[in-house]
Structure formats: structure tokens, C-alpha cells
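Step one of this worksheet: look at the structure below.
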There are 2 protein chains.
Amino acid sequence: MISQKSKYALRALLALAARPGGEPMLISEIAEQEVIPRKFLEQILLDLKRAGLVASRRGKAGGYLLLRRAETVTFGEVLRLIDGPLAPLPCLSKMAYRRCGDCANENACKLRKVFARVADATRDILDTTTLADVLQGGVKSLPVEI
Amino acid sequence: MISQKSKYALRALLALAARPGGEPMLISEIAEQEVIPRKFLEQILLDLKRAGLVASRRGKAGGYLLLRRAETVTFGEVLRLIDGPLAPLPCLSKMAYRRCGDCANENACKLRKVFARVADATRDILDTTTLADVLQGGVKSLPVEI
DNA sequence: TTTTAACCCGACTGAATTAGTATGCTTGTT
DNA sequence: AACAAGCATACTAATTCAGTCGGGTTAAAA
């Protein structure tokens, strides 16, 4: 299960990406439109800003805007930023590898072999799907049953 | 990330499945061999027993044994039992569906479309990989680079 | 130049989950 | 009857989750 915070982050980014002309959007505007607790959203946007995904303007008539093109922001990147590694085992994370603590001989580990496939499948989807893909409705879905 | 408890459960089941003749194995035997805290493992085995995956014999010369054939026990089943739903969103779980709380129009939800693909890919792997597959080393791995 | 409406930031909190421990009870074999 | 095995409940310390609170800073407008 992904966290509520990640869901909020993705929805906020989608809202910004959908903004025509890329003009700034108020926190409260996003919060209302996407039904996200206002103060919590503030935190999230700050995280996204520190990561360089969005920019902000302060003072009256301020707001947030997407700093990068929607085609370059992947779901994987956002999820890693908020929730940490995508991999189901720490020893399978490419970005934040950690040894598993238990299993001594890592490439003999039976579990690892199975979960490596899960990790790769997950990455294949999340690291190739961008905000733009979703906005255009261009998300490949499963074969439609005829 | 899957929980430590799930990892222990899977390793314990693999140990039982590997037992020749299917003779019972002591908790402490499993605990030592797989390096799992003994009392914690007791709890886990009880869960697996209540779910009908293993059986136990009490008294001296007791122990645990696998109740079902190793070919019929999938990783998905074990993970669901210990960790709960596999799906990344509650509204995507086939076994334990719950509405998402926020998004009103579920099949218009942009996030859902993306994570549905992740959920399906995950299920494809975990619900088709069994204890037997892993034991035989028969886990399909990624294409070997030549 | 003062006001006002934005964003910025750290601290706090209540509930839930995780990864176990502790303590004792029941059961079956010897 | 004794011993060794599993059965069962309660407890706990640490962490995470999903926010809330209270103020500080900045910049445009009146």
C-alpha cells in the first residue's frame, strides 16, 4: 500500500501539470480541488519543492507551479521521494540498497529471486509512467475484453 | 517493503517443504536453521496453522509439517495472510476491496489506472509462484545477458 | 508604508503498526 | 508422573502515519 501522502503528492502534481499556461496555483486552490487537508498539503509541496519538482512564489498572488515538464516526472520518482524505496526488499533497491540483515549469501537467497521479479515489474511501470501520460489519458491499460 | 514477519513465514514454509518425507520439524529446529527468533516464529506458525497451511503435533517428538503440497502454496497467499492485501491501493485489492475514501468516481481516477497495472503485474508473479517453484530453483529469472 | 495574503518551517500529537518478549497453560509421549 | 513440545494472551519499545498548531518571512497592493 502506498501512503496517503504519496497519493496527495501525485494528485497535487497532476493538478499543477494540468494548469494551462503553467501559471501558479494557490495551495488552498489545490487543496480544495483535490480534497487534501490544507496544512498537510503545505508540507508535501515543500518536500516537492526541495526536490526540485515544483517552484513557489511568495507573497500576495503567490502559489506553486511545476518546475519540470510533465513528460519528465515519473510516478516512480515521486513515490521514492515521499515513501522511500519501491523495492519489496531493501537488498533489491537500486536507489537505496541495504543488506537484508538475515540472509548471508545474497545471490543464493530464494526469496530474493522471486521478489526481484516483482521489483523489476514494478519499476518497469512506475519509472516509465509520467504525469503527462496520465493527463493525456495515455496510460496503457490491460487488454480490453472483447 | 514486505514485513520481516512475512519473510520469516516464507522461509519457515520453505524449510518445511524441503523436509524429506514430510516428517515434522521442531520449532526450534526451524528457528535455528533459518535464524528466526524462536518465540516470534511460534506466533507465525500458529497463524499459518490457523490458515490451514501447516499442521502440528504436540507433546514430545512433536513439531510442524506442511499440510498442503508445495506446488499449491503461492507466495501471494502467504503474503496476504501475514501482511494483508498485496494491492498498492485499497480500491485495487481483489481479496479485500475497500473504497479509497477520497476519489469519488473510481473508474475515472487517474492514479487508479496506473496502480492497477502495478497490482496486476505483482499478482501475476506472486500468485503463480509456489514454494515448489522456489525449491526446485525453477524460478524464472530475467533474461540472462549474453 | 502599512496591510494583507501568500508561502515557510519546526514542533507536536494520537493512533496504528512492527518486531518482537514474557509468562504461563495444555497436551502427548516415555 | 515427568518432561518436552506446542498453544495462547498480554505486554512493550520503537517507529511510522496522517495529520495539526503556531508562528515566521516575503512580496504585492492599498
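Throughout, a chain's letter reflects where its sequence line sits, starting with A, and its residues are numbered from 1. Because the structure is a prediction, the values reported are computed rather than measured.
Across residues 76-93 of chain A, not one residue has a non-hydrogen atom less than 4.0 Å from an atom of DNA chain C.
The pair Arg117(B)-Asp120(B) does not meet the salt-bridge criterion, since no charged nitrogen lies less than 4.0 angstrom from a carboxylate oxygen.
Under the 4.5 Å side-chain heavy-atom criterion for ILVMFWY residues, a single connected hydrophobic cluster contains both Leu135(A) and Tyr64(A).
For Leu48(B) and dC7(D), the CG to C1' distance is 15 Å, given to the nearest whole Å. If you measure from atom CD1 of Ile44(B) to atom P of dG6(D), you get 14 Å, rounded to the nearest angstrom. When the P atom of dG20(C) is taken as reference, atom CD1 of Ile36(B) falls 10 Å away, rounded to whole Å. Rounded to whole Å, the distance from CG on Leu41(B) to C1' on dA19(C) is 13 Å.
Annotation for Leu14(B) and Lys110(A): closest pair CD1-CB, 4.2 Å, computed over non-hydrogen atoms. In terms of heavy atoms, Val35(B) sits closest to Arg11(B) at O-NH2, 3.9 Å. Residues Cys103(B) and Glu106(B) share a closest heavy-atom pair of SG-CA, 4.2 Å.
Partners of Arg69(A) by side-chain hydrogen bond (donor to acceptor under 3.5 Å, both in side chains), not counting sequence neighbours, listed by chain and number: Glu71(A).
Note that SG of Cys109(B) and CG of Leu92(B) are 8.5 Å apart. Values are rounded to the nearest 0.5 Å. The distance from the CG atom of Leu10(B) to the NZ atom of Lys5(B) is 13.0 Å, given to the nearest 0.5 Å.
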When every nucleotide of nucleotides 2-13 of chain C is labelled 5' to 3' by its protein contacts under 4.0 Å (heavy atoms), B for base, S for sugar-phosphate only, - for none, what sequence of letters results?
-> ---BBSBB-B--
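Listed pair Tyr8(B) / dG20(C) meets the phosphate criterion, a side-chain N or O lying under 4.0 Å from OP1 or OP2.
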